[in-house]
Number of protein chains: 2
Amino acid sequence: MAQDHSGIGSRERILAAAAAMLAEDVTATLSVRAVAARAEVSTGSLRFHFPTQRALRDAVLARIYGGLFSDDPIQDRSLPARDRLVNCLRQVLAPAGVGQQAREAWTKAYQTYIASDPTDEVRTAYLALEREGRRRIEYWLTVLADEGALPEEDHTSRARFLSTVLNGLSIERALPAEDSILQSETETLYTAVDCILTANQRE
Amino acid sequence: MAQDHSGIGSRERILAAAAAMLAEDVTATLSVRAVAARAEVSTGSLRFHFPTQRALRDAVLARIYGGLFSDDPIQDRSLPARDRLVNCLRQVLAPAGVGQQAREAWTKAYQTYIASDPTDEVRTAYLALEREGRRRIEYWLTVLADEGALPEEDHTSRARFLSTVLNGLSIERALPAEDSILQSETETLYTAVDCILTANQRE
DNA sequence: ACCTGAACACCGTTCAAGT
DNA sequence: ACCTGAACACCGTTCAAGT
């Protein structure tokens, strides 16, 4: 007997439950039974809407990364510095998409910049784009530095480091991957960000 | 009743069994029961010698990669841990080449894994390759952990982080760049490695 | 000290059966 | 079409009991 969920579809309940669990704990495992219980549906129902755990994870990923942060997360003083910076980096990563979308994005990048020796024009265009990206990261770092979360020093090398991490995550979205990208990506982002924010402890 | 294994210790049998399983299939999961069965010991015996699956994994990695690279930079005790790890990562990065060579390498990778939806065969082949790479990094981390350079804990997420950094640096070698890549690359590698090695200061 | 194997608490997936 | 929940085949870890 199907339960009455007052009009909200099971699919939606499941996604909401999974998103809530991730919101509470980014390292949450999102097991079939845990999500199903939280959503108050059966495991069978969950499987009906998401034929595999990977499908569920992907759907949740799409929901979280998709336009959730419409305004600049760096300004949200209610969160700790590391969470805000991670949210910003996620926002950069979002357009990369997942699965086929990510592959298509890299197809374009490949054809433009890698397939053939780039013309000077293309080259400088890319360098401008890349610098723009790093500038954005640097801006975030200065905001956090103003709050004392990291040293006031030069942020260029830190920004470049984060940019490289983003490039790595981005290409990994296009390459074949296990179904746990969501978790490992978050973990990696936090590792990178913590690296930056605790750099003042050293030297 | 303990079985007679004609003098070969259980510990050794277990390691041999696990190594054999990895030799046959690098994607092998090395589950408790599978390894124990192969070694013809009980799961309890396996747990006695290797208190956790991670302990087993680490021991197997040490055996496999231990004597494999005689000129392994990780063994060079005359250098500090961070320099050795950076050297190891550099060794991984070296075959990626620079300039046109890097572009050619990524052309191959692109065509194989990204251009079209990879077949299951291609997919698992890549995942095996990737896991192999991460395993190698994990091995280096266990060596350094034995020296107290970083916590004994789980190294999988650390290895994945470093793997992502390497992927980022690798793709950046193929993309247009300023002429100072090699210097900034070194900086990034040290940033990433210091991040790993100082993680024990926190928490 | 070393080893056994049952038991516990999980996991993802499948599927006959219901509405 | 949507949903249920039992069942299956796993997983890692714990532990009383044996030698």
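Each chain gets a letter, A, B and so on, in the order the sequences are listed, and its residues count up from 1. Hydrogens, waters and symmetry mates are skipped; everything else that's a heavy atom, side chains included, is used.
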Roughly, in whole Å, what's the span from [atom1] in [X] to [atom2] in [N]?
| X | N | atom1 | atom2 | answer |
| --- | --- | --- | --- | --- |
| A:E12 | D:dC3 | CD | P | 12 Å |
| B:F50 | C:dC3 | CZ | P | 11 Å |
| A:F48 | D:dC2 | CZ | P | 4 Å |
| A:E178 | C:dC11 | CD | P | 19 Å |
| B:E40 | C:dT4 | CD | P | 11 Å |
| B:L56 | D:dG12 | CG | P | 9 Å |
| A:R13 | D:dT4 | CZ | C1' | 15 Å |

Listed nucleotide nearest any side-chain atom of [X], set [options]:
| X | options | answer |
| --- | --- | --- |
| A:R33 | D:dC3, D:dC8, C:dC8 | D:dC8 |
| A:S42 | D:dT4, C:dC3, C:dA7 | D:dT4 |
| B:V32 | D:dG12, C:dC11, C:dA1 | D:dG12 |
| B:R47 | C:dT13, D:dT13, D:dC3 | D:dT13 |

Any heavy-atom pair between the side chains of B:N87 and B:L79 that's under 4.5 Å?
yes

Select from A:L46 and B:Q53 the residue whose nearest nucleotide in DNA chain D is closer to the 5' end of that strand.
A:L46

Using Watson-Crick geometry (N1-N3 plus N6-O4 or O6-N4) or G-U wobble (N1-O2, O6-N3), each under 3.5 Å, D:dA6 is paired with C:dT14

Could you identify the nucleotide paired to D:dA1, looking across every strand shown and requiring Watson-Crick or G-U wobble geometry with both distances under 3.5 Å?
C:dT19

By the 4.0 Å heavy-atom rule, please label A:T43 as base, sugar-phosphate, or nothing.
base

Under 4.0 Å, counting only non-hydrogen atoms across every strand here, what does A:S45 touch: a base, just sugar-phosphate, or nothing?
base

If only side-chain N and O atoms count, and only distance matters, is there a donor-acceptor pair under 3.5 Å linking [Y] with [X]?
| X | Y | answer |
| --- | --- | --- |
| B:S163 | B:E130 | no |
| A:Y110 | B:T107 | yes |
| B:T186 | B:R90 | yes |

Can a side chain N or O of B:H49 be found less than 4.0 Å away from OP1 or OP2 on C:dA1?
no

If the cut-off is 4.0 Å, is A:T52 near the phosphate of C:dT13, judged by side-chain N/O to OP1 or OP2?
yes

When the nearest nucleotide of DNA chain C is assigned to A:S31 and to A:G44 on a heavy-atom basis, which residue is associated with the more 5' position?
A:S31

Salt bridge B:R84-B:D72, side-chain N to carboxylate O under 4.0 Å
no

